[in-house]
Amino acid sequence: MQLREWRLDRKLGFAETARALGIEGVNPGGTLARIENGSRQPDADMIERIVTLTAGAVTAADMHEIRLAWLKDNRPEKFSAPMPSPQTGVAA
């Protein structure tokens, strides 16, 4: 499940959810919005807080999936380099 979906299912706002996750700063709701859409990669401790807050409904794999989708849409050059071969570790 995506964090945005979880938050909306519970009718929670950005600011309220950001506070529950301990996100601080000038615009915690904006930070949460960027985490939700994948434009900001949260650190491992934040991902753990998300998993805990959502009682496991949102997983680390879910967070990875949304970040990966954002990167593919917005930074496709990161995926244009040849991948290393599993056998040799050298790019094909």
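Worth knowing before you read on, the calculation uses all heavy atoms, side chains too, and leaves out hydrogens, waters and symmetry mates.
- Residues meeting the side-chain contact (heavy atoms from CB on, under 4.5 Å) test with Arg67, sequence neighbours left out: Gln41, Trp70, Leu71.
- Using a 4.5 Å heavy-atom threshold, the side chains of Val58 and Leu53 count as separate.
- Residues Pro28 and Ala18 share a closest heavy-atom pair of O-CB, 3.5 Å.
- Contact of the Leu32 side chain with the Leu21 side chain is registered, since non-hydrogen atoms from C-beta on lie closer than 4.5 Å.
- Residues Met1 and Leu68 do not share a hydrophobic cluster, defined by chaining ILVMFWY side chains whose heavy atoms lie under 4.5 Å apart.
- Screening residues 11-28 for salt bridge (charged side-chain N to carboxylate O under 4.0 Å, His left out) gives no qualifying pairs among residues at least two apart or on separate chains.
- Two residues are said to be in side-chain contact when any heavy atoms from C-beta on lie closer than 4.5 Å; Glu36 and Arg7 meet this criterion.
- The side-chain contact (heavy atoms from CB on, under 4.5 Å) search around Glu48 returns Thr52, not counting sequence neighbours.
- Put simply, the side chain of Asp62 gets close to the backbone of Thr59: a donor and an acceptor are under 3.5 Å apart.
- Summarising the geometry, atom CZ belonging to Arg34 is positioned 4.5 Å from atom OG1 belonging to Thr31; distances are rounded to the nearest 0.5 Å.
- The environment of Arg49 atom CZ is dense: over 12 non-hydrogen atoms of other residues, nucleotides or ligands sit within 6.0 angstrom.
- Side chain of Asp43 to main chain of Asp45: no donor-acceptor pair is present (N/O by atom type, distance under 3.5 Å, no hydrogens or angles).
- Side-chain contact between Phe14 and Asn27 is absent, with no heavy atoms from C-beta onward closer than 4.5 Å.
- Ile23 and Leu12 fall within a single hydrophobic cluster, where Ile, Leu, Val, Met, Phe, Trp and Tyr are joined by side-chain heavy atoms under 4.5 Å apart, directly or via other members.
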**Request:** Assess whether side chain to side chain contact (heavy atoms under 4.5 Å, CB included) is satisfied between Ile66 and Ile35, documenting all intermediate values.
**Result:** CA-CA 9 Å; Ile66 194 69; Ile35 290 170; over 6 Å; no
